[in-house]
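Positions are given from 1 along the sequence.
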Amino acid sequence: MRTFWNTTHGLHTLDQWQPNCWVQVTCPTADDSQYLQNELGIPDYFLDDIADTEERARYDYDDGWILIILRIPYVKEVKSRTPYTTIPLGIILKGDVCITVCYFETNLMIDFVTYQQKRGVGFTDSVDMVFRLFLSTAVWFLKRLKQINARIEGAKQHLDRKVDNADLIALSRLQDSLTYFATSIRGNETLLSKLKFKLPVDELDADLIEDVSIEMNQARETTGIYSNILESTMDTYANIINNNTSVVMKTLTIISMFLMVPTLVASFFGMNLVNGMEASPVGFILAIVLSIALTALFWWYAKRKAWL
């Protein structure tokens, strides 16, 4: 789906492409790809690069085309091993052509459009729009990090209940998400440092770049903090699971030892040997009493040694 936006006086849609408008392409179809390549003339290979979810943040210049890939946060709506991840957003600039391409529909782009419409002033130029996309990306990284932290805090509140492997698996998936975030944020920061010298930056853009740098730095540090907290929480979970296992094994061992005492007495009296109790009418009762006495003695000894 492609949308044409007029960016000079606020953000509003157009029926067709006009010079200096913003072409937003989301989840491009075959028709969208043909339009971008045939009508606007963008390099076809770059669309394939954007479609690769593992593509790193980078900047290229090809025959007058400025080709930028920015990593943005994305939440998978379906159950996944990594609920929070990052995906590439392609930004394509050349003269009066300004295009963004993303193969996923994201809350970031919806919020970006809504916020710019509320501002009502549009963009000064395509460079201004690029750095505002960087700023929005940093802000959304922080939003997603808050959601991840809320999940971590929820897991910490459940430490007093029974812990199983499912809890550790859920935390491990969050750890994967934080790893993706950390890698993408570092890549975006490197890309931002390059674009400061590759794009025509004016004084207003310089102020915006400084804001972006601050937000990116905060997102990177926050990711590191939450990673440390999550790692500590996972260690605590693992220790609790190990402790619970030890308690169970201790309980089973003590039960086995208690059962061993009467079993030993019964085995002794049950041997096919002469022991003087074969014809005694109190032989069975004596065996029972002896078993109970020895078991009570072992229980007293176990209590004294704090085994129970």
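A search for ring-ring contact (aromatic ring centres under 6.0 Å, His included) contacts involving Y115 returns nothing, not counting sequence neighbours. In this structure F104 satisfies the ring-ring contact (aromatic ring centres under 6.0 Å, His included) test together with Y74, sequence neighbours excluded. In this structure D111 satisfies the side chain to side chain donor-acceptor pair (under 3.5 Å) test together with W140, sequence neighbours excluded. Scored by the salt bridge (Lys or Arg N to Asp or Glu O under 4.0 Å) test, E231 finds no partners at all (sequence neighbours excluded). A search for side chain to side chain donor-acceptor pair (under 3.5 Å) contacts involving S184 returns T86, not counting sequence neighbours. Residues that satisfy the ring-ring contact (aromatic ring centres under 6.0 Å, His included) test with Y301, not counting sequence neighbours, are W307. In this structure E215 satisfies the salt bridge (Lys or Arg N to Asp or Glu O under 4.0 Å) test with no other residue, sequence neighbours excluded. The ring-ring contact (aromatic ring centres under 6.0 Å, His included) search around F134 returns none, not counting sequence neighbours.
Residue pairs satisfying the side-chain hydrogen bond (donor to acceptor under 3.5 Å, both in side chains) criterion with at least one member in residues 23-32, sequence neighbours excluded, are listed as follows: R2-D31, R2-D32, W5-Q24, T29-D32. Counting only residues at least two apart or on different chains, no ring pair (Phe, Tyr, Trp, His ring centres under 6.0 Å) pair has a member in residues 36-69. Screening residues 185-195 for side-chain hydrogen bond (donor to acceptor under 3.5 Å, both in side chains), with sequence neighbours left out, gives E189-R220.
The hydrophobic clustering, which links ILVMFWY residues whose side-chain heavy atoms are closer than 4.5 Å, places F4 and L89 together.
S136 places no side-chain N or O within donor-acceptor distance of the main-chain N or O of R132, the cut-off being under 3.5 Å.
Residue K198 qualifies as open at atom NZ: its count of foreign heavy atoms under 6.0 Å is 12 or below.
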Per-pair distances, 0.1 Å, donor-acceptor, side chain in residues 286-297, under 3.5 Å, sequence neighbours excluded:
| residue | atom | partner | partner atom | Å |
| --- | --- | --- | --- | --- |
| S291 | OG | A287 | O | 2.8 |
| T295 | OG1 | S291 | O | 2.7 |

Check against ring-ring contact (aromatic ring centres under 6.0 Å, His included), F141 and F181
CA-CA 8 Å; F141 267 119; F181 275 26; 5.1 Å; yes

